[in-house]
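Written out below as structure tokens is the structure these notes cover.
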Amino acid sequence: MTDKKFKTISGIELKEVYTEPSGMTELPGQFPYTRGIQKDMYRGKPWTMRQYAGFSTAEESNKRYHYLLGQGTMGLSVAFDLPTQIGYDSDHELSEGEVGKVGVAIDSLKDIEILFDGIQLKDITTSMTINATASILLAMYIALAKKQGADLKHISGTIQNDILKEYAARGTYIYPPTPSMRLITDIFEYCSKEVPKWNTISISGYHIREAGSTAVQELAFTLANGKTYLKAALEKGLDINIFAKRLSFFFNCHNNFFEEIAKFRAARRMWAHITKGLGATDPGAQKLRFHTQTGGSTLTAQQPMNNVVRVSMQALAAVLGGTQSLHTNGYDEALSLPTEAAAKIALRTQQIIAFESGVTDTVDPLAGSFFIEALTDELEAAAQLYIDKIDAMGGSVKAIEQDYIQQEIAAAAYQYQNDIESGDQVLVGVNKFTQQEDVAQNVFRVDDAIRRQQIDKLTRLKEERNNEEVQKALQNLTVAAQGKDNLMPYILTAVECYATLGEIADVMRNVFGEY
């Protein structure tokens with residue numbers, strides 16, 4: 001705990017932050033962590049300000065990363081284009097029209113080398129929003145760290161690697177659930193030995209919420225998926241006190257200010273009881289650590305500057321809810337990928353909250369509020385009903401296979417849209433307080449010519465690499481996929497001899513099939 005004294009602008013010293021509020025028996029940093037996972041929270045250090053970026057080519061994204069690091073970003077968060085997410089190289093026919101559009105195009109280790117050119121991986125943390133091809137992208141990152149001479153025991157970051165929410169809410173899956181779960185637990189096992197500081201999964205409620213779920217459903221379905229991953233790792237013989245420390249979560253922060261704060265508090269408490277119930281005794285394995293992104297689906301194309309206010313409120317709710325890292329959306333993201341100006345305002349929003357608002361001077365400012373404590377309890381109870389139902393079905397995989405989770409999300413999304421159209425749910429600038437607007441001009445565009453650039457790079461790569469080594473590595477991966485070996489070492493070997501992402505994904509498509 002820091003010895004620094006904290007004061008208001010008027011000079012009032014903030015004492016007694018560790019005095020328990022009336023009726024509360026729990027302090028911050030104590031089980032079940034409702035009030036936060038550290039006893040001094042942001043008094044010790046602020047959350048990681050991690051801005052999500054990636055577009056076009058690795059060269060262009062690298063420029064944006066250097067810009068963000070220069071503006072004070074503490075960690076990088078990589079967005080990948082759709083072909084990369086579903087295991088196709090840029091020259092595949094299904095990649096046409098999608099290369100570099102929603103993220104950066106990565107076809108091989110060459111692209112990763114360019115993406116992080118001039119950036120030492122030992123000095124930053126990197127979050128990668130990647131799922132079906134997470135094993136391949138992680139292998140590329142590890143391969144680059146090795147080339148830079150970094151100690152793998154000390155590099156840190158996160159891969160999303162949460163395939164269950166892809167089946168339920170997002171759709172960028174490749175393989176059936178069983179081999180997909182094998183890949184995930186292989187990553188758990190490999191990283192626990194080789195890259196112990198890497199967060200091997202970011203169990204995502206974000207996309208569940210973006211698909212239209214309620215806050216209760218986001219909480220319930222995310223934690224139910226988390227239970228499924230815990231059980232899969234336990235069945236593989238892994239120690240929950242080791243691997244659970246490397247699990248993190250990724251939540252959405254939507255518009256209802258107090259509900260979102262209560263959701264984060266309930267999530268910590270529920271996860272602490274879930275992990276303890278499955279045998280976790282180490283406090284580090286019981287703590288729910290999470291990244292937050294402000295709600296993309298709440299951004300409006302109409303009157304886009306209103307989104308600055310929405311993002312600010314959502315970011316503040318995430319901070320008051322105790323997030324470990326935060327991405328704030330650009331105000332123009334309902335129109336395009338964020339411009340540099342929008343990305344800067346998004347980052348400045350976090351910096352103003354952290355360094356000007358005073359909310360970081362107190363560990364858990366809303367603890368003891370009758371409203372917040374009651375709302376936290378109610379969210380927990382409502383989410384637990386869903387989890388109990390999913391448990392009775394046999395867990396998340398069974399619930400997804402029976403279309404239960406998908407149907408619940410769809411029903412909530414339909415109700416929300418009805419409420420907007422009826423006016424029961426007000427969206428400022430959309431169904432109330434509207435005005436005639438000019439078509440936005442200053443939006444970010446990705447040039448379609450970048451696919452040609454990527455194809456040219458792929459052609460050169462295949463001419464220059466040792467193709468005999470590549471074929472041998474891919475054959476070894478095929479044999480391993482047909483057996484029971486951990487696949488990560490085989491994928492890493494293939495990556496290091498510059499096999500492409502599509503070639504590696506195709507090996508597993510041929511063995512596992514497609515879903």
Q) How far apart are the closest heavy atoms of A220 and A383, and which atoms are they? A) CB-O, 3.5 Å
Q. OG/S248 to CD1/I201 distance, rounded to the nearest 0.5 angstrom?
A. 8.5 Å
Q. So, do N329 and H327 sit near enough that their side-chain heavy atoms are less than 4.5 Å apart?
A. yes
Q: Tell me, with the steps shown, if E408 and Q217 meet side chain to side chain contact (heavy atoms under 4.5 Å, CB included).
A: CA-CA 8 Å; E408 289 294 306; Q217 289 171 337; 3.8 Å; yes
Q: Determine yes or no for a side-chain-to-main-chain donor-acceptor pair under 3.5 angstrom, with Q293 supplying the side chain and Y206 the backbone.
A: no
Q. Got a salt bridge between K263 and E260, using NZ or NE/NH1/NH2 to carboxylate O under 4.0 Å?
A. yes
(Q) Pairing donors with acceptors under 3.5 angstrom, does anything connect the side chains of S204 and H207? (A) yes
Q: Please report the closest heavy-atom contact between H291 and S325, naming both atoms and the distance.
A: ND1-OG, 2.5 Å
(Q) Listing request: all ring-ring contact (aromatic ring centres under 6.0 Å, His included) pairs with a residue in residues 112-143, at least two apart in sequence or in separate chains. (A) F116-Y141, Y141-W198
Q: Report the distance from atom CD1 of I174 to atom CD1 of I86, rounding to the nearest 0.5 Å.
A: 7.5 Å
(Q) Can you confirm if the aromatic rings of F249 and F290 lie within a centre distance of less than 6.0 Å? (A) no
Q. Are R509 and Y88 in a cation-pi contact, defined as NZ or CZ under 6.0 Å from the six-membered ring centre and within 45° of the axis?
A. yes
Q) Is a donor on one side and an acceptor on the other found under 3.5 Å between the side chain of K153 and the backbone of K193? A) yes
Q. Going by atom types only, do Q71 and R348 share a side-chain donor-acceptor pair under 3.5 Å?
A. yes
Q: Show your reasoning for whether side chain to side chain contact (heavy atoms under 4.5 Å, CB included) applies to M128 and T126.
A: CA-CA 6 Å; M128 296 190 280; T126 304; 4.1 Å; yes
Q: Using the side-chain hydrogen bond (donor to acceptor under 3.5 Å, both in side chains) rule, take N467 and R465 through it: C-alpha gap first, then chi angles, then the decisive distance, then the call.
A: CA-CA 6 Å; N467 284 295; R465 70 187 185 181; 2.7 Å; yes
Q) Charged N to carboxylate O below 4.0 Å: is that the case for E496 and K146? A) yes
Q: Please step through salt bridge (charged side-chain N to carboxylate O under 4.0 Å, His left out) for the pair K101 and E98, ending with a clear verdict.
A: CA-CA 5 Å; K101 289 294 175 68; E98 294 294 342; over 6 Å; no
Q. Going by an N to O cut-off under 4.0 Å, is there a salt bridge joining E59 and K457?
A. yes
Q) Tell me, do M508 and I491 make a side-chain contact under 4.5 Å, heavy atoms counted? A) yes
Q: Would you mind reporting whether K197 and I155 have side-chain heavy atoms less than 4.5 Å apart?
A: no
Q: Identify the two heavy atoms, one from T48 and one from G75, that lie closest to each other, and give their separation to 0.1 Å.
A: CG2-N, 4.2 Å
Q. For L219, does its backbone N or O pair with a side-chain atom of T222 as donor and acceptor, under 3.5 Å?
A. no
Q) Do M313 and T294 come within less than 4.5 Å of each other through their side chains, counting heavy atoms only? A) no
Q.
Quick check against the 3.5 Å criterion: does E503 have a side-chain atom that pairs as donor or acceptor with the backbone of T500?
A. yes
Q) So, the side chain of N466 versus the backbone of E469: is there a donor-acceptor pair under 3.5 Å, distance only? A) yes
Q | Distance-only donor-acceptor check, side chains T300 and R310, under 3.5 Å | A | yes
**Q.** pair H254-R209: side-chain heavy atoms closer than 4.5 Å
**A.** yes
Q) Do V78 and L137 come within less than 4.5 Å of each other through their side chains, counting heavy atoms only? A) no
Q. Counting heavy atoms not belonging to K462, are there more than 12 under 6.0 Å from its NZ?
A. yes
Q: Might you work through the side chain to side chain contact (heavy atoms under 4.5 Å, CB included) test for N62 and I119, ending with a clear yes or no?
A: CA-CA 9 Å; N62 177 261; I119 299 170; 4.1 Å; yes
Q.
Set out, in order, the CA-CA distance, both residues' side-chain angles and the distance that settles side-chain hydrogen bond (donor to acceptor under 3.5 Å, both in side chains) for E421 and Q417, then state yes or no.
A. CA-CA 6 Å; E421 292 181 13; Q417 186 61 34; 3.1 Å; yes
Q: Would you confirm whether Q85, through its side chain, and F80, through its main-chain N or O, come within 3.5 Å as a donor-acceptor pair?
A: yes
Q) Are the side chains of E166 and D162 in touch, meaning some heavy atoms are under 4.5 Å apart? A) no
Q.
What I want to check is whether the side chains of E514 and Y175 have a donor and an acceptor closer together than 3.5 Å.
A. no
(Q) Given 3.5 Å as the limit, does a donor-acceptor pair link the side chain of T84 with the main chain of I106, or not? (A) yes
Q.
Rounded to the nearest 0.5 Å, what separates atom CZ in R451 from atom CD in E96?
A. 5.0 Å
**Q.** Aromatic ring pairing Y515/Y167, orientation class (parallel under 30°, perpendicular over 60°, tilted between)
**A.** perpendicular
Q. Where the side chain of N199 meets the backbone of T158, is there a donor-acceptor pair that is under 3.5 Å apart?
A. no
Q. For F188, is the NZ or CZ atom of K236 found under 6.0 angstrom from the centre of its six-membered ring and inside 45 degrees of the ring axis?
A. no
Q | Donor-acceptor contact present, side-chain S396 to main-chain N225, <3.5 Å | A | yes
Q. Judged by modelled atom types alone, do Q160 and S202 share a side-chain donor-acceptor pair under 3.5 Å?
A. no
Q) Side chains of W271 and L247: closer than 4.5 Å at any heavy-atom pair? A) yes
Q | Minimum-distance pair of heavy atoms, taken over all atoms of A224 and I390 | A | CB-CD1, 3.9 Å
Q | Over 12 foreign heavy atoms within 6.0 Å of CZ, F257 | A | yes
**Q.** Point-to-point distance, once rounded to the nearest 0.5 Å, from OG of S61 to NZ of K63
**A.** 10.5 Å
Q) Distance from I163 atom CD1 to L183 atom CG, nearest 0.5 Å? A) 9.0 Å
Q) Do NZ/NE/NH1/NH2 and the carboxylate oxygens of K165 and E218 come within less than 4.0 Å? A) no
Q.
Please determine whether side-chain hydrogen bond (donor to acceptor under 3.5 Å, both in side chains) holds for the pair H92 and D89, giving the CA-CA distance in whole Å, both sets of side-chain angles, and the decisive distance to 0.1 Å.
A. CA-CA 6 Å; H92 194 283; D89 289 335; over 6 Å; no
Q. Which heavy atom of F512 sits nearest a heavy atom of P179, and at what distance?
A. CG-CB, 3.5 Å
Q: Show your working on side-chain hydrogen bond (donor to acceptor under 3.5 Å, both in side chains) between N306 and Q303 and close with a plain yes or no.
A: CA-CA 6 Å; N306 292 346; Q303 302 177 31; 2.9 Å; yes
(Q) To check you understand the geometry: which heavy-atom pair defines the closest contact between A334 and A301, and what is its length? (A) CB-N, 3.5 Å
(Q) Test your reading of the model: is there a side-chain donor-acceptor pair from T292 to the backbone of N252, 3.5 Å cut-off? (A) no
Q. Going by atom types alone, do Q453 and T57 pair a side-chain donor with an acceptor below 3.5 Å?
A. no
Q) In Å and rounded to the nearest 0.5 Å, what is the CG to OG1 distance from N131 to T172? A) 5.0 Å
Q | SB check E463 R460 (cutoff 4.0 Å) | A | no
